[in-house]
2 protein chains.
Amino acid sequence: MTEPKTPEVAATTAPAKKHARDGKPNATIYDIAKVAGVNPSTVSRALSKPGRVSAKTQKLIEDAAAELNYQVNPFARALPTGRTNTFGLIVADITNPTFFDIIRGAETTATLRDYTLVLAESAESAVTELTAARRMMATVDGLILASPRMDDDDIRTLARDKPVVVINREVDGVPCVVPDVNKGISEAVRSLAANGHHKVAFVAGPLQSWMSARRWEGVQAACEWSRIEAVRLESTKPTVDGGRQVARDVRASGATAVLTYNDLLAIGLMQELQAAGMVVPDQISIVGFDDIFGADFTTPPLTTVRSPLGECGSGAAALLLDLLHGTGEPAGTLRVETELVLRGSSGRLLPAG
Amino acid sequence: MTEPKTPEVAATTAPAKKHARDGKPNATIYDIAKVAGVNPSTVSRALSKPGRVSAKTQKLIEDAAAELNYQVNPFARALPTGRTNTFGLIVADITNPTFFDIIRGAETTATLRDYTLVLAESAESAVTELTAARRMMATVDGLILASPRMDDDDIRTLARDKPVVVINREVDGVPCVVPDVNKGISEAVRSLAANGHHKVAFVAGPLQSWMSARRWEGVQAACEWSRIEAVRLESTKPTVDGGRQVARDVRASGATAVLTYNDLLAIGLMQELQAAGMVVPDQISIVGFDDIFGADFTTPPLTTVRSPLGECGSGAAALLLDLLHGTGEPAGTLRVETELVLRGSSGRLLPAG
DNA sequence: CGCCTTTTGTCAACCGGTTGCCATAAATTG
DNA sequence: CAATTTATGGCAACCGGTTGACAAAAGGCG
């Protein structure tokens with residue numbers, strides 16, 4: 001029936017070089033030159049240096065190109081110029097939904113400006129990340145690092161080579177895109193305070209995470225402002241599972257509201273607390289961060305501080321493209337706003353009954 | 001005039017061509033040749049044709065290469081050979097979690113075999129997809145199409161040019177990777193039948209979706225086998241929102257169990273039914289397809305027929321790599337198993353009370 | 001030891017664009 | 001109308017590898 005492998009080896013050992021697989025080789029500027037009756041270099045200019053050739057020859061060449069269905073050979077172009085119209089995006093974990101919107105945002109902006117996005121994953125490891133970055137550097141015009149794990153110095157070293165933009169972290173001397181947590185956090189804390197909470201717990205993310213530190217700072221500041229108590233708890237890992245594991249500490253802390261480093265933690269935490277019989281939000285309020293895909297699948301749906309991830313991605317791409325084309329180097333930090341997305345997992349505390 | 005080659009570049013207005021941004025140009029095989037005292041072509045052979053040069057010169061060259069920190073220029077290599085060690089993956093929607101695992105699986109396998117994955121999105125449009133595919137064809141060695149929207153003929157045309165592998169669809173003459181729905185579906189339907197359900201509804205996906213058709217066929221067959229009734233309902237779009245919209249039809253159908261084309265639909269449907277006061281699974285059982293990220297965030301967690309998406313991605317990548325390196329062309333269809341993941345959203349029907 | 005086969009390294013011709021320099025034609029100016 | 005500037009196209013030298021053809025060197029054999 002359906003054999004998994006049908007090794008019909010005997011086919012033709014296709015040498016297949018310039019003719020991809022069929023018989024017709026791709027048209028080159030030399031072909032166009034022949035058809036249009038001009039020199040190849042003129043064709044090259046007509047196609048890449050607007051205004052360098054007369055309108056008449058321009059048209060002649062364009063017609064010939066269209067007729068031959070010409071498309072540039074990117075390698076031939078890249079060889080002498082070094083430009084590839086490509087840039088790289090490195091994320092820590094492709095399956096982490098936090099990055100989905102970043103990827104999409106970057107992809108969209110790239111495509112819009114005729115660039116191609118090349119994606120790589122670092123598997124949450126600083127060395128893999130650096131390796132991937134190095135490898136990419138050879139083939140791209142610029143690089144976006146989303147929540148990078150490597151050293152500031154490594155990043156700066158890369159940035160000396162080609163334009164680099166960092167998302168979700170600030171590195172001196174390198175253009176960055178970071179969500180400004182303050183607005184979202186203060187909205188969240190004010191909402192909790194208004195609902196009668198006096199003590200909130202913050203479940204932190206990885207210790208090396210720049211963003212986790214910012215969020216904890218933000219929570220402390222907002223709590224101080226609202227005159228409520230803030231305690232910090234550590235998580236083992238920033239995942240659903242990590243959230244489950246931290247549930248004990250959360251209950252022990254005596255806090256009636258929890259903010260977690262990210263939505264994944266919040267979801268795991270909520271599952272575990274509910275499994276233990278607690279009612280959310282009547283007995284405890286839970287607020288996540290990021291508003292990832294699936295944050296509204298839970299019952300109750302998760303209240304969260306949204307980072308405009310898509311905006312981060314497209315912002316970083318735009319920054320990079322400006323760097324590549326612009327004359328000077330602005331290289332500032334782009335801050336994007338966060339906001340509270342109020343759903344069902346936070347609310348008024350019911351008197352114990 | 002000065003010497004033809006002056007390594008110490010006057011550090012003025014950086015023309016920045018081969019020297020990325022700093023002063024040191026990348027080492028080339030010519031540099032290695034000079035250091036090792038051999039001809040550039042010998043260097044080229046030593047580095048790419050194992051066994052073509054003597055062990056002695058091999059070592060000499062490798063040492064020189066290491067000393068100069070040489071890395072090949074991919075463009076220079078691609079130009080004469082056409083090989084890029086790169087392949088493309090086109091997905092309909094980067095933010096659709098169905099593709100996450102596919103992407104990751106393909107990425108992992110690619111990296112493992114020293115290939116780079118280039119990702120593109122078709123935004124669910126057949127024309128965008130074809131455009132993206134065409135564009136990619138110029139720069140990659142092969143292409144993976146995940147749940148493609150374009151015509152069979154377009155796919156075959158692409159496949160004539162370079163190796164193409166299709167995921168989640170069968171196209172004659174093109175190697176494919178498809179989950180075999182039967183096992184998973186029959187498990188699901190048997191489970192429903194065993195729980196006392198006599199009538200199940202199938203909420204279909206897009207009409208052009210090859211996979212939706214297969215799933216409906218599978219459901220019909222399994223229901224016939226279990227002697228229970230199956231009805232088909234249409235959805236407007238295969239998303240959470242589409243699931244909400246189809247809730248009315250589901251209730252009107254009188255079915256006590258529902259299988260939906262994908263998890264997104266199932267989640268939306270469940271949300272809507274619960275909002276209307278129905279209890280899942282006591283009053284109605286819901287089963288999705290795919291086991292996407294977030295399928296277990298819901299309350300109750302979603303029962304679903306899992307497709308090994310990661311396996312599909314890595315399988316497709318492996319197939320493609322075999323095609324690229326293998327001598328002949330197996331070009332068969334790779335079938336992967338599906339299985340039922342029993343969670344809380346399906347179960348015994350409670351007598352109406 | 002001469003003849004023949006098998007390594008092993010060199011030469012040179014690409015791959016397909018880009019770009020500096022130059023010659024010519026066209027346009028501008030005194 | 002000559003002199004000078006400017007627009008336009010051609011020539012040729014790259015970019016950095018790959019590879020077929022070939023010659024020199026090495027090894028095998030009678």
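Letters go in sequence order (proteins before strands), and every chain restarts at 1.
A donor and an acceptor atom never sit less than 3.5 Å apart when one is taken from the side chain of Arg83(A) and the other from the base of dG17(C). Thr28(A) contributes no side-chain N or O that forms a donor-acceptor pair with the base of dC15(C) under 3.5 Å. Between the side chain of Arg77(A) and the base of dG16(C), no donor-acceptor pair under 3.5 Å is found.
Computed from coordinates, the Gln58(B) CD to dG9(C) C1' distance equals 13 Å when rounded to whole Å. Across the protein-nucleic acid pair, Ile29(B) atom CD1 and dA12(C) atom C1' stand 13 Å apart, rounded to whole Å. In this structure, Asn39(B) places its CG atom 14 Å from C1' of dA24(D), rounding to the nearest Å. One atom, NZ of Lys34(B), and another, P of dG17(D), lie 13 Å apart when rounded to the nearest Å. The separation between Ile32(B) atom CD1 and dG16(D) atom P is 12 Å, rounded to whole Å. In this structure, Leu79(A) atom CG and dT19(C) atom P are separated by 12 Å, rounded to whole Å. We find that CZ of Arg45(A) is positioned 10 Å from P of dG9(D), with the value rounded to whole Å.
For Arg52(A) and Leu47(A), each mapped to the nucleotide of DNA chain C holding its nearest heavy atom, the one lying further toward the 5' end belongs to Leu47(A). Along DNA chain D, the nucleotide closest to Thr57(A) and the one closest to Ala76(A) are compared, and the more 5′ of them pairs with Thr57(A).
Within the 4.0 angstrom heavy-atom criterion, no nucleotide atom of any strand lies near Val43(A). In this structure, Ser41(B) reaches the bases: a heavy-atom distance under 4.0 Å links it to at least one base atom across the strands shown. Counting any heavy atom pair closer than 4.0 Å across all strands shown, Thr42(B) reaches a base atom. Among the heavy atoms of the strands lying under 4.0 Å from Tyr30(B) is at least one base atom, whether or not backbone atoms are also near.
Closest to the Pro80(A) side chain, of the nucleotides dT18(C), dC11(D), dG9(D), is dT18(C). Candidate nucleotides dG16(C), dG17(D), dG9(D) were compared by shortest atom distance to the side chain of Asn73(A), and dG16(C) ranks first.
Contact check on Asp114(B) versus Arg135(A) returns a salt bridge, with a Lys/Arg side-chain nitrogen under 4.0 Å from an Asp/Glu carboxylate oxygen. Using a 4.0 Å cut-off between charged side-chain N and carboxylate O, Arg156(A) and Asp153(A) make a salt bridge.
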Checking Arg113(A) against Asp322(A) for the salt bridge (charged side-chain N to carboxylate O under 4.0 Å, His left out) test, could you report, in this order, the C-alpha distance in whole Å, the side-chain angles of both residues, the deciding distance, and whether it holds? CA-CA 11 Å; Arg113(A) 309 228 335 222; Asp322(A) 288 350; 3.7 Å; yes
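Side chain of Arg169(B) to backbone of Pro148(B): a donor-acceptor contact under 3.5 angstrom is found.
Put simply, the side chain of Arg77(B) reaches to within 4.5 Å of the side chain of Ser48(B), judged on heavy atoms.
Distances shown here put a side-chain N or O of Lys49(B) below 4.0 Å from the OP1 or OP2 atom of dT19(D).
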